[in-house]
Amino acid sequence: MKRNWLKGARSAYDVVVVGSGLAGMTAANLLSKLGHSVLLVEHHYNLGGLATWFKRKGGHILDISLHGFPAGMIKTFRKYWTKEMADSVIRLKSIRFDNPQFQLNTTFDRVDFTNVLRERFGVVKEVIDEFFTTARSMNFYDELKMTTREMFEKFFPGRKDVWRFLMEPITYANGSTLDDPALTYGIVFSNFMDKGVFTFKGGTDQLIKKMKNELVKNGVDIRTHCLVEKVHLEGKAVRGVCINGQDIGCRSVLSNSNILNTVHKLVGDKHFSPEFIREVKQVRLNNSSCQVYIGIKKGETIDNAGDLLFTSVADEYNTEKILDKQVTSRTFSFYYPEIRPGSDRYSIVSSTNARYEDWANLTETQYKKAKENLIQTTLDVLEKYVPDIRKKADYFEAATPKTFKRYTLAPGGTSFGTKFEGLKISRNLPKEIPGLFHSGSVGIIMSGWLGAANYGVIVANEVDKFMRTLKDETQPLVTASV
Amino acid sequence: MTKDEVRQAILDILADIAPDEDMNSINDEATLREQIDLDSMDFLDIVMELRKRFNIEVPEKDYEQLVSMASCIQYLQPILNDRQLAS
Ligand SMILES: Cc1cc2nc3c(=O)[nH]c(=O)nc-3n(C[C@H](O)[C@H](O)[C@H](O)COP(=O)(O)OP(=O)(O)OC[C@H]3O[C@@H](n4cnc5c(N)ncnc54)[C@H](O)[C@@H]3O)c2cc1C
C-alpha cells in the first residue's frame, strides 16, 4: 500500500507554505512563531530546495549551493533562526581568479578589492571609492534605466579586465549579466563586498537538520513527499490546497514554488486579470546550471587550492560564452575537512551557468554522453589545480538543468528565479488574489541564500498582516496614522 | 501608556533585534541608524514586533516616523493610548 504522507494532518491551517526552500522554511518558521498554524509542504524527500546535499557510497557528502554567501546571512540566522546557526558561519579565506586576463587571490571584501583594483589594475582610489559608494547607495526604488554595462562603462571605460573581475563572481552568484539593471548588480555586489564570503560549518546537511528541528519545535507541521497540485479559490479568496489528491483548507497560501509555476499551474491564468497575465508572460526566467561533483578517496588529501576558484579560458568576460554548452568558464568550490568537523574528507564541486534548451532535447544516449563529456572536460581543467585528480578522486557525478528541474520543479531548471521583472509579479500577487503570496528566488535581487531567506521574512510579514485582519474582523486592528 | 513606558517598550524591541548594542546610551533626538547598526530588515522587524506585541499596524508610508526614539514615541504614544481604550 502507498504510504499516506499526510496522515494525521489537520483538515485546515491558517497558512500553507508550498515548498521548503530557504524562503519557504524561513517564512514558515516566522509565521508559526507569530502564532499562526502552519503546514509546510515539500514534494521532495528532503527539506531545503536548492540549499541541499546528497550522500554517495564511500562516505561522500556533496553540497549543491554552499559555495558561499554574504555576511548578512549571520544576522538572518540569528534573527529568524537561532544563535547557534549564526555562530556556525565561517569566513572563506581565499577566492582565486585564473583567466587569460589575470591571475589573482582576494579575500573578497572592500579593502582587499580596493587594493587589487589599485595595484593590479591601476585604477585610481577616487574612482574605486565612488564606484563602491554608487553600488552601495543603489536601492529598490532606483532608476532602472542604467544597465550594469553602462555603469562599468562610466567608471571603468574600456577596461574589460576590470569588468570581468567585478562581474564574473556575480554572474555565478545570481545569473545576472551586463545587460541587467545596474541596481541588481549594486545590491548583490554590496552584500558580498560588505565583509567577504562565508560558509556554514557542518555543511548543508547540518544546517537543514537544525532548521528542521527548529521548525518542529516552533510547531510547524512539516510534510515531505507531498506535492501541492492546486490552490483552491472561492471567488477571489484562498480556500485551500490540493496535496497528493487530498484537499486541505487554509486562508492563505505562501508559495515558494517558482513564480511562473505559482501563477500558471498552482492557481491558473483564468483567476487573474488579463493585464496581470499579460505582464506575467513577459517575465524571463534566469539561467540554469550544470555541476560536476568530485568525491576525494578516503585517506587522500589535497593541497589547499583556495576555497573558490573562478577559472576561464575565454579571452574576456562574455555572457553568451558563460552559458555556452561548450564550457569555457567554471567555478570550483573546494570543501576541506574543516567544513565538517570530525570528518577527514575532501570534495570539489564545479559549477557552470547553463541553458535548459541545450540539455532538454537530447536523446537518452546523447544526454549520457554529454554528461560524461562534462565530467571529463572538467577534470581536464581541474588537473591544472589539483594534479592527479583522477587518481585522488573515486566519485564523479554530473547535474544538468534537467536535474535541477526535476528536484525543484522550477521551469527551465532555473537556478536563480527570474530576471528583474519577476519581482513585481511576485509583489503584486496578493493584490490580484488576497491571501495568495509568493516568496523565493525572484527578480535577481531576491535570490541566493540571503536574498531568498530575507524575502521569506518580508513576505511572512505581509501574510501575518493579512491573517490578523481576518482574525480581527470583529475587533479591527488599530491602524496607525497621523 | 506613559511616555516612559512607550520608550521602554521600544527599547525592549530594539534589544531583541540588536542584542550586541548598548541601549543605555541612546540619544532620543538623534536617528536610531546613527547609533545602532540597523538595516531595512531590522526596521521591518520593528514593525512586526509592534504588530505582535501591541496589535499596531504601521503602514509603509509611516516608516519614516520610526527614525529616532523621540519620533517613535511621538508617533506611537497616541496609538497605544487608543489601543488601550479600545480593548
Ligand atoms: C548550482 C547552484 C549553486 C548555488 N550556489 C549558491 C551559493 O553558493 N550561495 C548562495 O547564496 N546561493 C546559491 N545558489 C542559489 C540559492 O541556492 C537559491 O537562490 C536559494 O536556495 C533558493 O531558495 P528558494 O527559497 O527560492 O527556494 P528553492 O530552493 O527554489 O526551493 C523551492 C522548493 O519548493 C519545492 N516545490 C516547488 N513546487 C512545489 C509544489 N508544487 N509542491 C511542493 N513543493 C514544491 C521544491 O521542491 C523546492 O524544494 C545556488 C543555486 C544553484 C542552482
Over 12 foreign heavy atoms within 6.0 Å of [atom1], [X]:
| X | atom1 | result |
| --- | --- | --- |
| A:Lys33 | NZ | yes |
| A:Glu84 | CD | no |
| A:Lys201 | NZ | no |
| A:Lys236 | NZ | yes |

If every non-hydrogen atom of A:Lys75 is compared with every non-hydrogen atom of B:Asp37, which pair is closest and at what distance?
->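 Taking every non-hydrogen atom into account, NZ-O, 3.6 Å.
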B:Leu50 portion near chain A, given a 4.5 angstrom heavy-atom threshold =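 Contact with chain A involves no heavy atom of B:Leu50 at all.
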Check each atom of B:Asp16 against the heavy atoms of chain A and say whether the ones under 4.5 Å are side chain, backbone, both or neither.
->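 Backbone only.
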Heavy-atom check, side chain of A:Arg78 versus side chain of B:Pro19, under 4.5 Å |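 A:Arg78 vs B:Pro19: side chains touch.
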Could you state the interatomic distance from [atom1] ([X]) to [atom2] ([Y]), rounded to the nearest 0.5 Å?
| X | Y | atom1 | atom2 | result |
| --- | --- | --- | --- | --- |
| B:Leu44 | A:Lys79 | CG | NZ | 8.0 Å |
| A:Ile458 | B:Ser40 | CD1 | OG | 7.0 Å |
| A:Asp194 | B:Asp39 | CG | CG | 9.5 Å |

A:Asp464 bridged to B:Lys52 by N-O distance under 4.0 Å |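 The answer is no: the pair does not qualify as a salt bridge.
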Please state whether the side chain, the backbone, both or neither of A:Leu30 comes within less than 4.5 Å of a heavy atom of chain B.
->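 The side chain, not the backbone.
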Chi angles and distances behind the side chain to side chain contact (heavy atoms under 4.5 Å, CB included) call for A:Thr469, B:Glu57 = CA-CA 10 Å; A:Thr469 54; B:Glu57 192 57 53; over 6 Å; no
Take B:Arg51 and A:Leu34 through the test side chain to side chain contact (heavy atoms under 4.5 Å, CB included) and record every step on the way to the result.
-> CA-CA 10 Å; B:Arg51 188 188 305 126; A:Leu34 287 167; 5.5 Å; no
